[in-house]
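A, B, ... follow the sequence lines: proteins, then strands. Residue 1 opens every chain.
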Amino acid sequence: MKYDFTAIEKKWQDRWEEVKPYAAETGSEKPKFYGLIEFPYPSAAGLHVGHPRPFTAMDIVARKKRMEGFNVLFPIGFDAFGLPTENFAIKNHIHPAIVTKQNVENFTRQLKMLGYGFDWDRVVDTTDPNYYKWTQWIFLQLFKHGLAYKTTMPVNWCTSCKCVLANEEVVEGVCERCGSEVVRREKSQWMLGITKYAQRLIDDLDGLDFIERVKTQQINWIGRSTGAEVVFKTTAGDNLLIFTTRPDTLFGATYMVLSPEHPYVKRWKDRIENWDAVAAYVDEAAHKSDFERAELNKEKTGVRIEGVRGINPVNGKEIPIFISDYVLVTYGTGAIMAVPAHDDRDWEFARKFGCEIIEVVQGGNIEESAFTLKDDTGIMVNSGFLDGMTVKQAIPAITAWLEEKGIGHEKVNYKLRDWVFSRQRYWGEPIPLVKCEKCGWVALPESELPLLLPQVDSYELTDDGESPLSKMTDWVNTSCPCCGGPAKRETDTMPQWAGSSWYFLRYMDPHNDKELVSKEAEEYWGPVDWYNGGMEHTTLHLLYSRFWHKFLYDIGVVHTKEPYAKRTSHGMILGRNPHFIGYAETEEEKQALLAKYGSQATRPSVKMSKSLGNVVNPDDVVKAYGADTMRLYIMFIGDFEKTATWSDEAVKGSKRFLDRCWNLLELVKEGDAVSAANESAVHKTIKKVTEDVNTLKMNTAIAAMMALVNDFYAKGLSRGDLEQLILLLSPFVPHLAEEMWEQAGFAAKYGKMAMQMPWPKYDEAKTKDAIREMAVQVNGKLRSTVKVPADAPDETVIAAACADEKIKRQMEGMQLVKTIVVKNKLINLILKPAK
RNA sequence: GCCGGUGUGGUGGAAUGGUAGACACCAGGGACUUAAAAUCCCUUGCGGGCAACCGCGUACCGGUUCGAGUCCGGUCACCGGCACCA
């Protein structure tokens, strides 16, 4: 009988739909396991082959956990608000809700097609009012606790999306989504105070089982640095506050720099003698995009402020003040003291503008470059009472001095900035606030949630950069919940990150209309035991959701400080690069490719894209080879954490393996127990697969099962052997496993599906062979192997090694000076020429 | 520039300091077939040799060790993240 994957997969998917073997039970006596994958954005293009990699891996983990007796929650949902859907809707004049519904249906079909064991009764959709009611509810709590506030600030403005972007959404000066130019623009925006949680977001990483690169990336992103805030008096009479991480170099501060946006620039207008030049520079800076401003190789620019000077507090010297765009208004105090001898940027600036450079730390050559080392290699000079100290001694000494004089103190700064939370778009959660002329911003009563998105015919972008909702006057004009007077609704909507910041909580209790999640469900399921997702979400979604969760912890909604106990990450799936020079036959072709595609042509693999024609559609793969082959191949493709390249050829190897498994049904011989011939191989494989699934080394787990099947073909197999193999296969290729389970009569025998059986156990003793092949080295080089009984004493194995013909030849004319025996593995004989 | 990671056959990739290349893909040869596909069997790191075998091999240079792909120091290349953060 042939392996008819299409029929088999249909049969079992229908069965599972009916039996619901993946239903999670809140409050069960069994130990719980909550495995989570990042819910997809339901794009019109459907599932990408990138999706099945993390989905299949976590599905395997979840299925194995069920077999190990856990009560498993493995849910799925859709992160369905967002720009692509809205843009598609505008272009095709279809309401985004309809587009979303279609896309969700298509995704659901594809996910079911791949046989994932999701609990389909717990699906969440961020655009469902019953869901976003609680997104709005959380926003209201943030607002009530002062963590949501509106402020005017320079924002990243995408010229194409006509929308404000978070810093995280701007990549290399362009919009992460559409690739258009991003410029700075002053806008009134809702902000979330994530910076108040900066320290906790660093500290609480400590106890978490996150892969190291996720932790370091988050820590770097938050960017904590310790230094001092120091007050500089000015000749204008007011004080300038600066932040520095090098207070030890204070005696070397020979000038100061303000960012062009610093409020003192305007304040000093009447005193500034060269106001025209200053104003021109400020104006120029305002019109530059962030990208232009941050361009690294450009020369430093700036203007010296004439008429106001700063006073260095340590020596009372008057020093010039500049404005320059290399100082950022958004970090520290927007003003710096410049120490050109010990800071690269200040050095470069000082050289160009002829500022004094005073060495205060010995150890470098300040004529050639700034000396920036902060270790003990430098000794303080030209620094009054700090002279002779190391840098490390000088920092606390000067900080204490500043505090004593009341002109400075230790200060911690973070690179992390508050989260720009409003978007001028239609397809997002409405912000549930109204602006009353008398009362200011007022929260809607919770009883009025959800605040529904108004149903409208047109959600086109506005030309003035306001939300499309602002044009819907019926909806906008309302009354104040506080005083009853006239009021207007907030017309901005929330960013896509809102819904995804707490969705894992909703899975625990998805149909609750009284609470976001019940205490009972949250205490039972929380925290998520294992969360797998992409590295691209490390500084965005992952950080945001940790922030929200901490806030919910503070207000008593959840019982753990952290949402996720464990975080792993998968590598991307790339496609073959059709323009790779390695595929060119002749030198001319290579040159042509290089000329046409540049460095792109030097990579064998690239991101899949329609224009390159290398997109792999999961539907096609499943049609041609079946879902089980798809699942198996995407796990076998390579190291889970690394990027991998899809290969149509290699898929066939996975299919071939499943054919070979299937054909074992006709090869199997009698015997309900594991056969003696295969015993150690079976136990070894169980051990390997058990361990490897726990660490997501699916590729080696599969390799072990392939080796076992090869053994079965070589030695034959009993029904007992087959039973163990099917159970091991079950999490990986569930349809095939169930069909083989049934065909071989195990379903009838146990009255259960394979997936409902206990996970196979191995006996450590049986994973070991009685006879061992040991390597024999001579002076560290492999020369032969010998077979000896397991755990044989050293004398026995040395004797056996010396008796070996090849070794005898090596030993001629030599004397044995030393032997090293590694039990059951290797013998190393150290020989010297005999005298 | 800073932080993190990676360099192993024609390819994807295996190897708690202990037999490098498991398991696959591709390729070559054979069996079956009128033929092809599928399937099965064999070969397959490089060089030499009829063979037994021998030499060389994990980016490069050096070190530690009886023994290094693995540990240490340095160099180079590539990938990812951050980037004028004072």
Mind checking the [atom1] distance from [N] to [M]? Whole angstroms is fine.
{"N": "B:rG63", "M": "B:rG12", "atom1": "C1'", "value": "34 Å"}
{"N": "B:rU19", "M": "B:rG69", "atom1": "C1'", "value": "14 Å"}
{"N": "B:rC54", "M": "B:rG74", "atom1": "P", "value": "38 Å"}
{"N": "B:rC23", "M": "B:rA59", "atom1": "P", "value": "23 Å"}
{"N": "B:rA68", "M": "B:rU16", "atom1": "C1'", "value": "15 Å"}
{"N": "B:rA31", "M": "B:rA37", "atom1": "C1'", "value": "16 Å"}
{"N": "B:rG57", "M": "B:rA51", "atom1": "P", "value": "23 Å"}
{"N": "B:rG21", "M": "B:rA15", "atom1": "C1'", "value": "9 Å"}

- State whether A:Tyr713 and A:Arg660 meet the cation-pi test: NZ (Lys) or CZ (Arg) under 6.0 Å from the six-membered ring centroid, and within 45° of the perpendicular axis. yes
- Query: Taking the six-membered ring of A:Tyr625, is NZ or CZ of A:Lys655 closer than 6.0 Å to its centre and within 45° of its axis?
  - Reply: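 Pair A:Lys655/A:Tyr625 does not count as cation-pi.
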Between [X] ([atom1]) and [N] ([atom2]), how many Å, whole number?
{"X": "A:Asp804", "N": "B:rA52", "atom1": "CG", "atom2": "P", "answer": "16 Å"}
{"X": "A:Phe580", "N": "B:rU11", "atom1": "CZ", "atom2": "P", "answer": "10 Å"}
{"X": "A:Met635", "N": "B:rA24", "atom1": "CE", "atom2": "C1'", "answer": "16 Å"}
{"X": "A:Leu542", "N": "B:rG81", "atom1": "CG", "atom2": "P", "answer": "16 Å"}
{"X": "A:Arg246", "N": "B:rA86", "atom1": "CZ", "atom2": "P", "answer": "11 Å"}
{"X": "A:Lys684", "N": "B:rC23", "atom1": "NZ", "atom2": "C1'", "answer": "15 Å"}
{"X": "A:Asn699", "N": "B:rC23", "atom1": "CG", "atom2": "C1'", "answer": "9 Å"}
{"X": "A:Glu348", "N": "B:rG1", "atom1": "CD", "atom2": "P", "answer": "14 Å"}

Does the structure show a Watson-Crick or G-U wobble partner for [N], both distances under 3.5 Å? Name it, or say none.
{"N": "B:rU16", "answer": "none"}
{"N": "B:rC26", "answer": "none"}
{"N": "B:rA86", "answer": "none"}
{"N": "B:rG7", "answer": "B:rC76"}
{"N": "B:rU58", "answer": "none"}
{"N": "B:rA31", "answer": "B:rU39"}

- Message: For a quick check under 3.5 Å, do A:Asp639 and A:Asn699 share a side-chain donor-acceptor pair by atom type?
- Response: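 No, no side-chain donor-acceptor pair sits under 3.5 Å.
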- Query: Of A:Thr244 and A:Arg656, whose nearest nucleotide on RNA chain B comes first from the 5' end?
  - Reply: A:Arg656
- Message: Both A:Gln217 and A:Tyr331 contact RNA chain B. Taking the nearest nucleotide for each, which residue is further toward the 5' end?
- Response: A:Gln217
Which part of the nucleic acid, if any, lies within reach of [X] when heavy atoms closer than 4.0 Å are counted: base, sugar-phosphate only, or nothing?
{"X": "A:Lys806", "value": "sugar-phosphate"}
{"X": "A:Asp659", "value": "nothing"}
{"X": "A:Asp344", "value": "nothing"}
{"X": "A:Ser324", "value": "nothing"}
{"X": "A:Gly223", "value": "nothing"}

[X] side chain: which of [options] is closest?
{"X": "A:Thr216", "options": "B:rC66, B:rG4, B:rC56", "answer": "B:rG4"}
{"X": "A:Lys415", "options": "B:rC66, B:rA14, B:rC82", "answer": "B:rC82"}
{"X": "A:Arg603", "options": "B:rC79, B:rC23, B:rC66", "answer": "B:rC79"}
{"X": "A:Phe243", "options": "B:rC54, B:rA22, B:rA86", "answer": "B:rA86"}

Is a salt bridge present between [X] and [Y], judged by a nitrogen-to-oxygen distance below 4.0 Å?
{"X": "A:Glu691", "Y": "A:Lys697", "value": "no"}
{"X": "A:Asp804", "Y": "A:Lys806", "value": "no"}
{"X": "A:Lys300", "Y": "A:Asp346", "value": "no"}
{"X": "A:Glu764", "Y": "A:Lys684", "value": "no"}
{"X": "A:Glu348", "Y": "A:Arg351", "value": "no"}

Between the protein and nucleotides 15-19 of chain B, list the N/O to N/O atom pairs that are separated by less than 3.5 angstrom.
residue	atom	partner	partner atom	Å
B:rU16	O4	A:Lys825	NZ	3.3
B:rG18	N2	A:Gln777	OE1	3.4
B:rU19	N3	A:Glu773	OE1	3.3
B:rU19	O4	A:Glu773	O	3.0
B:rU19	O4	A:Glu773	OE1	3.2

- Message: Checking A:Tyr3 against A:Thr629 for the side-chain hydrogen bond (donor to acceptor under 3.5 Å, both in side chains) test, could you report, in this order, the C-alpha distance in whole Å, the side-chain angles of both residues, the deciding distance, and whether it holds?
- Response: CA-CA 12 Å; A:Tyr3 167 39; A:Thr629 294; 4.8 Å; no
- Evaluate the criterion side chain to side chain contact (heavy atoms under 4.5 Å, CB included) for residue pair A:Leu416 and A:Ile194; output intermediate values, then yes/no. CA-CA 8 Å; A:Leu416 184 72; A:Ile194 189 172; 4.1 Å; yes
Would one find a side-chain N or O of [X] under 4.0 angstrom from OP1 or OP2 of [N]?
{"X": "A:Lys818", "N": "B:rG67", "result": "no"}
{"X": "A:Arg783", "N": "B:rG55", "result": "yes"}
{"X": "A:Arg660", "N": "B:rC40", "result": "yes"}

- Item | Atom pair CZ (A:Arg567) and OG1 (A:Thr538), whose distance is rounded to the nearest 0.5 Å | 6.0 Å
- Mind telling me whether A:Phe349 and A:Tyr255 have parallel, tilted or perpendicular rings, with 30° and 60° as the class edges? parallel
- Task: For the residue pair A:Trp419 and A:Tyr544, categorise the inter-ring angle as parallel (less than 30°), tilted (30 to 60°) or perpendicular (more than 60°).
- Result: parallel
- Message: Using a distance-only criterion (donor-acceptor N/O pair, under 3.5 Å, no hydrogens), is the base of B:rC84 paired with the side chain of A:Lys300?
- Response: yes
- Message: Need the glycosidic conformation of B:rG4: syn if within 90° of 0, anti if not. Which one?
- Response: anti
- Query: Looking at residues 636-649 of chain A, who's got a heavy atom less than 4.0 Å off RNA chain B?
  - Reply: A:Phe636, A:Ile637, A:Asp639, A:Thr643, A:Glu649
